[in-house]
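A short write-up of the structure that comes next.
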Protein chains: 2
Amino acid sequence: MSMSLGPLTGKRVRARDVAQLAGVSRSAVSRAFSQTAYIAPDTKAKVLKAAAELNYSPDSLASSLAKGRSNIVVVVLNQVDAIRGPSFHSALIRSLQESGRLPVVLSLSPMDDGASSLKKHLTFPVEGLIVMSDSVSVDVARHAVPYVRPIMLNFERTRSDVDSIVANDATGVAELVNYLWETGHRSVGFMAGRQSSISSKIRRDALALEIARRGMHLTVEASGEFAYEQAFEAAPALVAGKKPPDAIFCANDVMAFAVMDYLRLKTQHRVPEDVSIAGFDDIFMARWPIYNLSTIRQDVDSMAAAVTGILERRRDPQNRKFDPPTMVTELVLRGTIGRRER
Amino acid sequence: MSMSLGPLTGKRVRARDVAQLAGVSRSAVSRAFSQTAYIAPDTKAKVLKAAAELNYSPDSLASSLAKGRSNIVVVVLNQVDAIRGPSFHSALIRSLQESGRLPVVLSLSPMDDGASSLKKHLTFPVEGLIVMSDSVSVDVARHAVPYVRPIMLNFERTRSDVDSIVANDATGVAELVNYLWETGHRSVGFMAGRQSSISSKIRRDALALEIARRGMHLTVEASGEFAYEQAFEAAPALVAGKKPPDAIFCANDVMAFAVMDYLRLKTQHRVPEDVSIAGFDDIFMARWPIYNLSTIRQDVDSMAAAVTGILERRRDPQNRKFDPPTMVTELVLRGTIGRRER
DNA sequence: GGCGAGTCTACACACGCGTGCAGAACAGGT
DNA sequence: ACCTGTTCTGCACGCGTGTGTAGACTCGCC
């Protein structure tokens, strides 16, 4: 299998080498690899045989140049583990490459709004631009690659010149509140994410709405910036009163871990006997027995597939408008939500 | 700032557009953006002004094609959070892009050795190939991109046709063992990573060597596959005897968390009073107060910089041999290593 | 054998850019 | 005024591939 090819063997093999070996013209080689172009079956077979022999495949970049259609998709993020955790990043990358696209990752500094860095680095034609960073605005994205419709995954409000996935966070939150109600919880605290984050706002609004509908009470709120350290610092405020809320909902899982750790390390409150905890995302650590967190799951694989689906539809530019895919959330019940007898 | 450019404004601007606006030839535009080519200062200024006006920068892919030198670097991994955690991935991506390279991420299925998938996806010229997956062998990497010297970060044994970074895991482990010795530990258990992983083997060998040198005892070993779940399952074996080891060293942090969680959830052993725990990597969770893990840190930023440095040196192909950069590790002492009175 | 219809191949150009080379423009010296 | 040297620009070709088009070739029929 590994034929021990010497040190850094020669140059890449080009179409003309294959043509020479197969005894045909270079353009015949090109046609053999094209889906649409016309070519006699036996010439095609001859070419493919020679190509396999030389281990040739067409240079996809030169091909992009010639066709005027690139297969490069740029994924913009701040940190790999920012919004949906590394698992979504993995799923997205894999989905892109399995659909024959080339994922290029662009990582921004935490506070970079991308205005200059996007234009500096995006000096090549792209098929798509996927923005996972919530510090990059729609305007910046549109301006950085004016000839393409960006796919915004930071949940900025929908605009016509932008594609996005409608993450149905509100439904998931409603489901959670309903379960909390049924299990006897009446007062709820909320740990918010970043101020600028739309998803944090969506989750908070849904929480407030559903709570009000049932006559429950949103008793206390704090902001944890989506990060463990800040949430740990902010946690005391959530249980400061004489009576802590029945349950605390955190805008993501990591902050839920911080609240749990604060409660067990610094207070006498037990989870879930005294305080119930719920998170959002269902990252891999939520299943660890020490947390065993009840949370709202985003299906990262179907989200990634949805992104690829958008790119697929947008290949035909006359698809002006179509329904943005809606992502379903799932309430995952583990051990951090108890029952309150009434 | 955001001048509300209409919906999907026209095509990309090319060099000839700039040339026309500046009143020069297209090649003058090209020269204006070149570092080496000769051009009169005022023509250059004229061109750059026109370029700024049109928001132009040269297509880096077409440029690669023309120069016969690509700036694309492919990063191969299994999962984003596989070997060194997402933080190294972030650091590497950023280091690459800041050095003007284009990072393309290729994510393999967990068991994929890459033999076919690498050849299928790498259909374009690359400047470098960085392999972070330990399921991809040197031979596969060499064969997938025969014209380039891969940079292997899975610590396979050094070969002349491959570049790699010498991660000085052994020194870090020696430092740890020395500290364990000084704090009175005499018996040590080891939680290994994957069988196939070279880094796990390096760490185990270093541990065994240093322990033997001091007349300490490597009393028990288990394998946790670098993963929390498997480590949690394997943890009982480490403390099964009538007397658990004084300390347990885990080949990475995540497995250390699993062992700690097992001990506190399922046994009476306290950390660090009864059993000391040490990990490897210093991922962000190691600082969480519930773990507060003593561990061996890899400096992800300098590792990433080292990778970029290798690419830089290899731009000149006559640099046949140079010393591979050595990464220093640092012993991070937190709360999971206690003192044993003797 | 000649001729028309049909099938396929090779030529040539294009994609956007880098760069060797020839020659234009210009300055300075005699 | 003429020559030499220097400085710069534009022409033209090449990077590897896709594809419209003209024409070569085959085949069948009269």
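No hydrogens, no waters, no symmetry mates; every other heavy atom, side chains included, goes into these values.
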Going 5' to 3' through nucleotides 12-20 of chain D and flagging B where a protein heavy-atom sits under 4.0 Å of the base, S where only the sugar-phosphate is that close, and - otherwise, we get B-BBBBBBB
To the nearest angstrom, the CD1-P distance between B:Ile39 and D:dT6 comes to 21 Å
side-chain hydrogen bond (donor to acceptor under 3.5 Å, both in side chains) between A:Ser95 and A:Thr308: does it pass, once the steps are laid out? CA-CA 7 Å; A:Ser95 169; A:Thr308 308; 2.5 Å; yes
From the list A:Ile165, A:Asp299, A:Val300, side chain to side chain contact (heavy atoms under 4.5 Å, CB included) with A:Met327 holds only for A:Ile165
Here the ring-ring contact (aromatic ring centres under 6.0 Å, His included) pairs for residues 95-129 of chain A, sequence neighbours left out, are none
The side chain to side chain contact (heavy atoms under 4.5 Å, CB included) partner of A:Leu129 among A:Val74, A:Leu106, A:Val75 is A:Val74
Between the protein and nucleotides 25-28 of chain C, which nitrogen or oxygen pairs are less than 3.5 angstrom apart?
none

Heavy-atom closest pair (A:Val140 atom, A:Leu118 atom, distance to 0.1 Å) is CG1-CD1, 4.0 Å
- Can you say whether the rings of A:Phe33 and A:Tyr56 are parallel (under 30°), tilted (30 to 60°) or perpendicular (over 60°)? perpendicular
Which of B:Arg69, B:Lys67, B:Arg101, B:Arg314 passes salt bridge (charged side-chain N to carboxylate O under 4.0 Å, His left out) with B:Glu127? Answer is B:Arg101
In whole angstroms, the gap separating P of C:dT19 from CZ of B:Arg69 amounts to 10 Å
Heavy-atom closest pair (B:Arg149 atom, B:Asp163 atom, distance to 0.1 Å) is CD-OD2, 3.1 Å
B:Lys46 NZ to D:dT9 C1', in whole Å, measures 11 Å
